[in-house]
Amino acid sequence: MGNIERNYGIAKETYAALGVDTDGALATLKHTPISVHCWQIDDVTGFEDFDAALTGGIAATGNAPGKPKTKGEFIEHLDRALNLIPGATKLSLHAIYLDDGGKKVARDAIEPSHFAFWVDYAKKREIGLDFNATYFSHPLSDSGFTLASGDAKVRAFWLEHGKRCRAIGEYFGRELGQKCVTNHWIIDGYKDFTVDKLAPRERLIASLDELFAKPLDSRHNVDAVESKLFGLGSESYVVGSHEFYTNYVAYKKNCIICLDAGHFHPTETVSAKLSSYLAFGQEVLLHVSRPVRWDSDHVVALDDETLAIMREIVGCGGLGRVYIGLDFFDASINRIAALAIGARNARKALLAALLTPFGALRSAEEGGDLTQRLALLEECKTMPMGFVWDYFCETENKPGADWYKGII
């Protein structure tokens, strides 16, 4: 027996004393998908134009060497990253990562055929696909408005783009046998004092109603709308705020909410919000990110909030209703390593949640023994989770603690 198996045996006994089944936890960990975003690999550039500039409140800071310059190089880098990530994985795409065959394809003309190579790629790797409409980095988003624009022609363009993205999402789900989450985040808002906050939101309601009017097969696609507190160029007013989308989702029931860990005030946490949606039976798309002062999209760390998010999902029995995805883009470090670090940390946090002795904790809480509850929560922090993680990586045939050798 090697050290990894021996250490896992010790950890298994230690957790069992608290009523935690590590084998069961690992089975759940293995089969719970985490959607890894492709845009960390190339700073959200996409395949429309490899020299395109980011606009619309998007910023990938840093200038680390090694950014891919071709589609082939992008796929090579993506493969290297995915080879380092254990457990069930999905790949989240943006609409700008299309295969246009060398011919310029307008965003309101994209079709499933432009993403057929991604379906082939996903089948080869035995992964699922998620999708995101790209409502930024385009001349018709330069005004700072898309679906809430006061210009009917601009709204019509982006509505057609969104509708086509939904069709592509349904295509992904049907072809791969895994439900695709198609997410819609728009840049719309104002930089400074805003007089009329109502009219843009009324236009957005009308746009969303039209966007989601055509029912799609729920076995293949679910739509999500993503809120934000502020953005670059929309510091004072965001049309699609958290309150707006929370009400829209609850009232219309034609899409689900997307909660991004970096899209709130620094004193707000996504972990504190999850149970409010799960209590009403809602599904949630989760974007795991790490803000530093603002929505800076730092690489996910195994920090307190990431751990709290995953514990809230597991503790609320929400694994079947929360779609876990990643969203960060750091151009200051090796991009392959960045994607691997963030994805591995998200799954480590999920493992920590699955190893939490919720039975004993609930028993103490329900019995009014809050001292025991606190003591047990603190003891959990030094439990041998690392031994369980090492064993999981080995059983998944993925590298362990030395994964970064040869990458960095």
Side-chain angles (χ1 to χ4, degrees), residues 55-59 132-136 141-151 154-155 158-159 162 181-212 222-280 282-297 305 309 322-323 325 327-328:
T55 63
I58 304 290
N132 298 265
T134 308
Y135 298 99
F136 55 84
S141 65
D142 285 347
S143 68
F145 282 84
T146 60
L147 294 179
S149 173
D151 186 327
V154 171
R155 288 201 310 276
W158 290 114
L159 267 170
V181 183
T182 302
N183 187 43
H184 303 266
W185 172 76
I186 61 173
I187 67 173
D188 300 38
Y190 283 116
K191 179 181 180 66
D192 213 334
F193 299 114
T194 304
V195 175
D196 188 353
K197 299 182 179 69
L198 182 59
R201 287 177 172 148
E202 290 176 332
R203 289 195 293 269
L204 181 53
I205 290 172
S207 291
L208 293 174
D209 287 350
E210 182 177 343
L211 176 60
F212 301 132
V222 60
D223 293 289
V225 287
E226 182 176 356
S227 67
K228 197 167 188 178
L229 175 64
F230 81 96
L232 296 175
S234 59
E235 289 86 350
S236 295
Y237 169 67
V238 170
V239 183
S241 66
H242 179 61
E243 294 78 10
F244 175 89
Y245 280 136
T246 294
N247 280 284
Y248 185 84
V249 167
Y251 183 71
K252 299 290 185 175
K253 297 181 171 57
N254 55 8
C255 58
I256 67 174
I257 193 79
C258 172
L259 301 179
D260 187 301
H263 283 195
F264 296 89
H265 189 278
T267 61
E268 291 185 281
T269 58
V270 164
S271 59
K273 300 179 186 298
L274 281 166
S275 61
S276 294
Y277 292 91
L278 295 175
F280 288 92
Q282 293 191 39
E283 291 185 315
V284 175
L285 171 60
L286 175 67
H287 277 184
V288 185
S289 186
R290 178 167 58 98
V292 176
R293 308 297 182 191
W294 65 293
D295 179 32
S296 49
D297 291 298
E305 174 58 6
I309 286 171
V322 178
Y323 302 94
D327 187 1
F328 53 83

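Computed over heavy atoms, backbone and side chain alike; hydrogens, waters and symmetry mates excluded.
The pair Glu305-Arg290 fails the salt-bridge criterion, with no side-chain N (NZ, NE, NH1 or NH2) lying under 4.0 Å from an Asp/Glu carboxylate O.
Defined by atom type and a distance below 3.5 Å, a donor-acceptor pair is present between the side-chain atoms of Tyr323 and Glu283. A side-chain N or O of Tyr248 and one of Asn254 form a donor-acceptor pair less than 3.5 Å apart. Between the side chains of Thr267 and His265, at least one donor N or O sits under 3.5 Å from an acceptor N or O.
Ring geometry for His242 against Phe264 counts as perpendicular: the plane angle is over 60°, on a 0 to 90° scale with 30° as the lower cut.
Scanning all heavy atoms of the two residues, the minimum distance from Asp188 to Ala148 falls at OD2-N, 2.9 Å. In terms of heavy-atom proximity, Trp158 sits nearest to Thr134 at CZ3-O, 3.2 Å.
Residues meeting the salt bridge (charged side-chain N to carboxylate O under 4.0 Å, His left out) test with Lys252, sequence neighbours left out: Asp209. Remark: Ser276 engages no residue in a side chain to side chain donor-acceptor pair (under 3.5 Å) (not counting sequence neighbours).
Ile309 has its side chain within reach of Leu274: a pair of non-hydrogen atoms, C-beta onward, lies under 4.5 Å apart. Between Phe145 and Val239 the shortest side-chain heavy-atom distance falls below 4.5 Å. Two residues are said to be in side-chain contact when any heavy atoms from C-beta on lie closer than 4.5 Å; Phe230 and Tyr237 fail this criterion. Looking only at side-chain heavy atoms (C-beta outward), Glu268 and Lys273 come within less than 4.5 Å of each other. Side-chain atoms of Asn183 and Leu285, non-hydrogen and from C-beta on, do get closer than 4.5 Å to each other. Annotation: side chain of Ile58 is not in contact with side chain of Leu232 (no heavy-atom distance under 4.5 Å).
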### Query
Are Ser236 and Tyr190 close enough, and set up right, to give a side-chain contact (heavy atoms from CB on, under 4.5 Å), and what steps lead you there?
CA-CA 6 Å; Ser236 295; Tyr190 283 116; 5.5 Å; no

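For the side-chain contact (heavy atoms from CB on, under 4.5 Å) criterion with Asp260, the lone passing option out of Leu229, Val288, Asp327, Leu286 is Asp327.
Separating the CG atom in Asp223 from the NE2 atom in His184 is a distance of 4.5 Å, to the nearest 0.5 Å.
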